[in-house]
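Every chain is numbered from 1 and lettered A, B, ... according to where its sequence line falls, protein lines coming before strand lines. Because the structure is predicted, anything quoted here is derived from the model rather than measured.
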Amino acid sequence: MSVLIAVEPVNGTINKGGFELATFARLTADQLGTEANALVLGNASNAGELGKYGIHTVHTLQHPNLEVFDSQVYSKVIAQAAKQLGANIVVVRHTANGKSILGRLAILMSADAVSGVNAAPQAGSVFTVSKSVYSGKAIAHYQLSSNTKVLSLMGNALQPQFLGQEVNPQAISLEVGNPKLQLVSRETETGHVPLPEAEKVVSAGRGMKGPENWGIVEELAAALGATTACSRPVADTGWRPHHEHVGQTGVAIRPNLYIAIGISGAIQHLAGVNNSKTIVVINKDPEAPFFKAADYGVVGDLFEVVPRLTEAVKKFKNA
Amino acid sequence: MKILVCISKTPDTTSKISFVNNGKEFNSEGIQYIMNPYDEWYALVRAVELKEKNGGSVTVINVGDVSSEIVIRKALAIGADDAIRVDVSPESSLQVAKEIAAHASGYDLVLTGKETIDYNGAEVGAMLAELLDLPYVSFAFKLEKEGDNWLVSREVEGGTETLKVGGPIVLSAAKGMAEQRIPNMQGIMMAKKKPLNVVASIGAEKGSVVASHEMPPAKSGVKMIAPDDMDTLVKLLHEEAKVI
Ligand SMILES: Cc1cc2nc3c(=O)[nH]c(=O)nc-3n(C[C@H](O)[C@H](O)[C@H](O)COP(=O)(O)OP(=O)(O)OC[C@H]3O[C@@H](n4cnc5c(N)ncnc54)[C@H](O)[C@@H]3O)c2cc1C
């Protein structure tokens, strides 16, 4: 019995999401009186750092067949590792890839599965985990009775914690099948943190009047080191790219800071963002529904308020 | 080309969500149900477009009781040719995937939405792919047929990728795949005559089910800051909220 995390490095390094996973696995293992190990799929310069976040042994696997992500290949490898290492709980990240592994592992390992777990398991006699459901409108608790469990952990669900020492990764030998998917091309967006992982998000809506006005939003985001997002109509009319659309039918996010500029706060928008730790709303309409979901509110014209906020942030950073 | 689209019924996006029976049961009073938007706007519409272009047929499948028939008829009105309803109220993704798998062989393409807007699981597609032993591409925003292959673009962490794969495959559809279609009068009339086959459940196991629900903690109330005093906002974000 042990906990195993499967970590996929992004561009040759394990990112914060991987360390969150390590912390989650360790907290889970501590509750169950067992240890947490890691399987790193692909090349990562910082694999040993997983030890700092509580991982006992870091197993690394490099194989040309892992260069394209084929969930069929990855899942079989992870299930094999779990068997070999005697792990009965496998945790992956709740990313596009992680989600496609989770469902397969549930079948392959005949495991109880919960996707998008949002906190460490609750202490108690029955293994209980929670996730946000109805796009953030409610929380569901799952009690897992099967001995074998597979979970995917939501990004930003917990902060990585130092729970151990850096370790020397060890190569593991596992059979890696041939992928059926063939990679044609890959486009990486560099220079900013992807939305689901971003700790700070600056988001703007129809109040911006047009795409030509987005400069002030980007400047505020740059000053804060934040990722930009938008409401659905803004993406639908092509003012901003689709991947920036947050909400019930867009990306669901839970950053530490969400700044909403010229967004009314429709229920479908709130659904995807109301798990944010701190919400700031800037809107000229004091009746805008978003203020009810906000921690800090500013009633005013965004074209004046936003540049002022950017200046204040810069002043604070330089102080 | 034979395409199967998995559709589910979810509460309308404007629904106020609440629970009864100590948080164990969803309170369906006054709830309007719709077809899960990802299933409808992206998976189904793309399936119909591919059929229009390449010929073939589109079947929709739903695991649900008779109350699902309204969304099934809508799918037929949008352009599906026939429908299967597995007659059981599902309680978990595993149960849905197993019930669907029993009817999902012989298709060139099996489509789901990227997730449902109720339990946000994003699990059924992957489970189905494993049960059918087929390749799976999740979060696809573009899908084209190229000879015997599928050309698929999908969202990944920090970017996008385009993949080539021979059929049959299972795929989950995300935004970008297609544009929402409003069924027209002719579609609605024709939908009434299209076959909707109700089949018995195979009694698939449920695996993990929800034990209870609760509502997220309410915000403690908004603090208003004067629009000309952004220094105070920054100070509060630093000292009180500790986010910058
Ligand atoms: C099935 C369904 C799914 C949906 N999914 C989503 C989703 O995932 N995400 C999403 O965002 N929406 C979604 N919507 C749409 C949602 O209902 C709203 O229509 C949308 O969120 C509104 O976007 P907005 O706030 O940018 O625009 P509006 O509602 O038009 O709000 C603009 C706001 O800007 C303010 N404003 C205008 N000028 C200024 C100024 N100079 N200074 C300051 N403030 C100003 C106004 O007071 C107003 O509050 C969905 C709708 C449906 C039906």
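For B/Leu236, the parts sitting under 4.5 Å from any heavy atom of chain A are the backbone and the side chain alike. The contact between B/Glu214 and chain A is made by backbone and side chain atoms together, counting heavy-atom distances below 4.5 Å. Interface remark: B/Glu205 contributes no atoms to any contact with chain A (heavy atom separation under 4.5 Å). The contact between A/Lys131 and chain B is made entirely by side chain atoms (from C-beta outward), counting heavy-atom distances below 4.5 Å. Heavy-atom distances place both the backbone and the side chain of B/Ile117 under 4.5 Å from chain A. Heavy atoms of B/Pro37 lying under 4.5 Å from chain A belong exclusively to its side chain. In this structure, the portions of A/Leu183 lying under 4.5 Å from any heavy atom of chain B include both its backbone and its side chain. Only the side chain of B/Phe139 comes within contact range of chain A, with heavy atoms under 4.5 Å apart. Proximity to chain B (any heavy atom under 4.5 Å) is shown, for A/Val281, by neither the backbone nor the side chain. Using a 4.5 Å cut-off between heavy atoms, B/Leu94 touches chain A through its side chain atoms alone. With a threshold of 4.5 angstrom between heavy atoms, A/Glu187 approaches chain B through its backbone and through its side chain. When heavy atoms are compared at a cutoff of 4.5 Å, B/Lys114 approaches chain A solely by way of its side chain, counted from C-beta outward. Neither the backbone nor the side chain of A/Leu195 comes within less than 4.5 Å of any heavy atom of chain B. With a threshold of 4.5 angstrom between heavy atoms, B/Ser138 approaches chain A through side-chain atoms but not through N, CA, C or O. With a 4.5 angstrom heavy-atom cutoff, A/Lys277 touches chain B via backbone and side-chain atoms both. Interface residue B/Val137: only side-chain heavy atoms are found under 4.5 Å from chain A. Proximity to chain B (any heavy atom under 4.5 Å) is restricted, for A/Ser276, to the backbone atoms N, CA, C and O.
Each of A/Asn11, A/Asn97, A/Asn15 was checked for a side-chain contact (heavy atoms from CB on, under 4.5 Å) with B/Glu157, and the lone residue meeting it is A/Asn15.
At distances below 3.5 Å, at least one donor-acceptor pair connects side-chain atoms of A/Lys137 with backbone N or O atoms of B/Ser15. Remark: side-chain polar atoms of A/Lys99 are not paired, donor with acceptor, to backbone N or O of B/Ala126 under 3.5 angstrom. For the pair B/Ser208 (side chain) and A/Ala113 (backbone), a donor-acceptor distance under 3.5 Å is present. The backbone N or O of A/Ser115 lies less than 3.5 Å from a partner atom in the side chain of B/Glu123, making a donor-acceptor pair.
With contacts defined as side-chain heavy-atom distances shorter than 4.5 Å, the pair A/Ser100/B/Arg154 qualifies. The side-chain heavy atoms of A/Ile267 and B/Thr13, taken from C-beta on, include no pair separated by under 4.5 Å.
With chain A as the partner, the residue from B/Val234, B/Asp133, B/Leu134, B/Thr160 showing the most heavy-atom pairs under 4.5 Å is B/Thr160. Interface check for chain B: of the options A/Ala294, A/Ala266, A/Pro194, the most heavy-atom pairs under 4.5 Å are formed by A/Ala294. Counting heavy-atom pairs closer than 4.5 Å to chain B, the top-ranked of the candidates A/Arg93, A/Arg186, A/His141 is A/His141. Most heavy-atom pairs under 4.5 Å with chain A, from the set B/Val210, B/Val165, B/Thr10, B/Leu131: that is B/Val210. The candidate from B/Phe141, B/Trp150, B/Tyr38 with the greatest count of non-hydrogen atom pairs under 4.5 Å with chain A is B/Tyr38. Of the listed residues (B/Thr232, B/Val152, B/Leu237, B/Leu128), the one with the most heavy-atom contacts under 4.5 Å to chain A is B/Leu237.
Contact detail for A/Ala138 and B/Ile17: the closest heavy-atom pair is CB-CG2, 4.3 Å. Minimum heavy-atom separation, A/Gln143 to B/Ala211: CG-CB, 3.7 Å.
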(request) Tell me, with the steps shown, if A/Thr249 and B/Lys175 meet side chain to side chain contact (heavy atoms under 4.5 Å, CB included). (result) CA-CA 8 Å; A/Thr249 52; B/Lys175 185 167 187 169; over 6 Å; no
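Between B/Asp228 and A/Arg308 there is no salt bridge, since no side-chain nitrogen of the basic residue lies less than 4.0 Å from a carboxylate oxygen of the acidic one.
B/His213 and A/Tyr134 have tilted rings, their planes meeting at an angle from 30° to 60° on a 0 to 90° scale.
Looking only at atom types and distance, the side chain of B/Asn149 has no donor-acceptor partner in the side chain of A/Gln182 under 3.5 Å away.
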